[in-house]
2 protein chains.
Amino acid sequence: MPSESELTAALTLSATQRMAILKALGEPRRLEIIERLSHTDQSSACTDLRACMPIAAATLSHHLKELESAGLIHITREGKFARLTLRREIWQAFLTDLGRL
Amino acid sequence: MPSESELTAALTLSATQRMAILKALGEPRRLEIIERLSHTDQSSACTDLRACMPIAAATLSHHLKELESAGLIHITREGKFARLTLRREIWQAFLTDLGRL
DNA sequence: TCGACATTTCGATAACTGTCGAATTGATGT
DNA sequence: ACATCAATTCGACAGTTATCGAAATGTCGA
């Protein structure tokens, strides 16, 4: 659960964060969610995802919580819906981190 | 053993390969193995790894098989020992792949 | 207020996987 | 041949997790 200084400074991930992200991505549906979010700039509600994935609402919710606690996505509630956004700074930091390995 | 085309051409991973790699990395000990192999250019036998990791031989063997079948490492047997090498072309392709995501 | 809808939480279950000890295979040196 | 060592395979077990249905929570419109 990283804070919010990631907008300005170049972010470095802790070993724990790196592991959490890798674990989160090691799941086909979660990777697909990230892929989808990375392609569309402004998506979306869980419903949108469920339209594309044969998955129960409870399961999707579980995966989203996992991605959120790994720090990869941000979930904001807007009325009935949950807006999901990829945290691109984190993603970038993750890639940089792996590149340094 | 990487073929000639792997050495010259830019390697593209299939979605299956990408998933296999992510799954393989989503395990602390396996990530540590990869990290270790990436640092030392020409390591090493399983024994070397076991010296640094409190892990049973059977467990290590299991993890190595996993890494190998994900395509991340190459195992060649030399006498009693197994020489482990990181397949850097694959690793590079993996990073590139994630960057394109 | 009421009913419909989106999402989360809960509890249970099935599948997966990391772990180890024991037995096995294969190589080396005596 | 034998003993020893490195590594793999096997079988079992424990912990983890993906999955779902059902119930709960929260939101909006009528």
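So that the names make sense, note that chain A is the first sequence line, chain B the second, and so on, each numbered from 1.
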Query raised in the report: How does protein contact run along nucleotides 17-23 of chain D, one letter per nucleotide 5' to 3', with B for base contact, S for sugar-phosphate only, - for none, heavy atoms under 4.0 Å?
Result: -SBBB--

Tabulated below should be each protein N or O lying under 3.5 Å from an N or O of nucleotides 1-5 of chain D; please produce it.
none

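Over its length, the helix from C/dT1-D/dA30 to C/dT30-D/dA1 turns its helix axis by 20°, as judged from the five terminal pairs at each end, rounded to 10°.
Contact check for B/R29 versus B/I55: side-chain heavy atoms found under the 4.5 Å cut-off.
One finds no side-chain N or O of B/S61 lying less than 4.0 angstrom from the OP1 or OP2 phosphate oxygen of D/dT9.
Taken together through direct or relayed side-chain contacts under 4.5 Å among Ile, Leu, Val, Met, Phe, Trp and Tyr, A/L60 and A/L86 form part of one hydrophobic cluster.
Rounded to an integer number of Å, the gap from CG of B/L64 to P of D/dA7 is 9 Å.
A donor atom on one side chain and an acceptor atom on the other are not found under 3.5 Å apart for B/H74 and B/R87.
Residue pairs meeting the salt bridge (Lys or Arg N to Asp or Glu O under 4.0 Å) criterion with at least one member in residues 57-76 of chain B: none, sequence neighbours excluded.
Using a 4.0 Å cutoff to heavy atoms of chain A, the contacted part of DNA chain C runs 5' to 3' from C/dC5 to C/dT9.
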Less than 3.5 Å apart, which donor and acceptor atoms pair up between the side chains of residues 90-101 of chain B and the rest of the protein, not counting sequence neighbours?
unit_1	atom_1	unit_2	atom_2	d
B/T96	OG1	B/Q92	O	2.9
B/D97	OD2	B/R18	NE	2.5

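Rounding to the nearest 0.5 angstrom, the gap separating the CE atom in A/M19 from the CG atom in B/L31 is 5.5 Å.
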